[in-house]
Amino acid sequence: MASTTALAADKGDAAAGRTKAYTCSGCHGIEGWKNPYPNYHVPRIGGQNYDYLVNALTEYQKGERAHPTMQAQAQSMSDQDIRDIATFLAGIAP
């Protein structure tokens, strides 16, 4: 059984994630924002589940999820960047 300390060590640094997530707020931080192509509501990601965020960004990074903007963003991230951003975003109250 993994200890809580070991599990916390697997997550990222929220302070680093805050800086790295700055670009994310350009779309995901605007209430009611719609993406022009394809046209759909851009989800708010503050307060989202940590594991979901890591999985989604990793899938965009690997091209397993299709969205050109998100793929470009995620492909520029390291695995540590993804953990840091997910830790920061998961800690935001929705």
Hey, could you give me the [atom1]/[atom2] distance between [X] and [Y], rounded to the nearest 0.5 Å?
| X | Y | atom1 | atom2 | value |
| --- | --- | --- | --- | --- |
| Leu57 | Leu89 | CG | CG | 8.0 Å |
| Arg44 | Ser25 | CZ | OG | 10.5 Å |
| Tyr50 | Asn55 | OH | CG | 9.5 Å |
| Phe88 | Leu53 | CZ | CG | 11.5 Å |

What salt bridge (charged side-chain N to carboxylate O under 4.0 Å, His left out) pairs are there with at least one residue in residues 85-94, not counting sequence neighbours?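 Listed once each, the pairs would be none.
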Test: salt bridge (charged side-chain N to carboxylate O under 4.0 Å, His left out). Region: residues 48-66. Which pairs qualify, not counting sequence neighbours?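 For residues 48-66, and leaving out neighbouring residues, the salt bridge (charged side-chain N to carboxylate O under 4.0 Å, His left out) pairs sorted by first residue read Glu59-Arg65.
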Which residues satisfy the side-chain hydrogen bond (donor to acceptor under 3.5 Å, both in side chains) test with Ser78, sequence neighbours excluded?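 Ser78 satisfies side-chain hydrogen bond (donor to acceptor under 3.5 Å, both in side chains) with Asp81 once adjacent residues are dropped.
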Scan residues 84-93 for pairs that pass side-chain hydrogen bond (donor to acceptor under 3.5 Å, both in side chains), counting only residues two or more places apart or in two chains.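 Matches after skipping sequence neighbours: Lys20-Asp84, Gln80-Asp84.
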For the residue pair Ile85 and Cys24, what are the closest heavy atoms and their distance?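 Smallest interatomic distance, heavy atoms only, reads CG2-SG, 4.5 Å.
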Among all residues two or more places apart in sequence or in another chain, which pass the side chain to side chain contact (heavy atoms under 4.5 Å, CB included) test with Gln61?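 Side chain to side chain contact (heavy atoms under 4.5 Å, CB included) check on Gln61 returns Thr58, Ala74, Asp79, Ile82.
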Validation row: Tyr60, Gln73 side chains within 4.5 angstrom (heavy atoms):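 No, their side chains stay 4.5 Å or more apart.
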Donor-acceptor list for residues 12-19 side chains, cut-off 3.5 Å, not counting sequence neighbours:
| from | atom 1 | to | atom 2 | distance (Å) |
| --- | --- | --- | --- | --- |
| Asp13 | OD1 | Ala15 | N | 2.9 |
| Asp13 | OD1 | Ala16 | N | 3.1 |

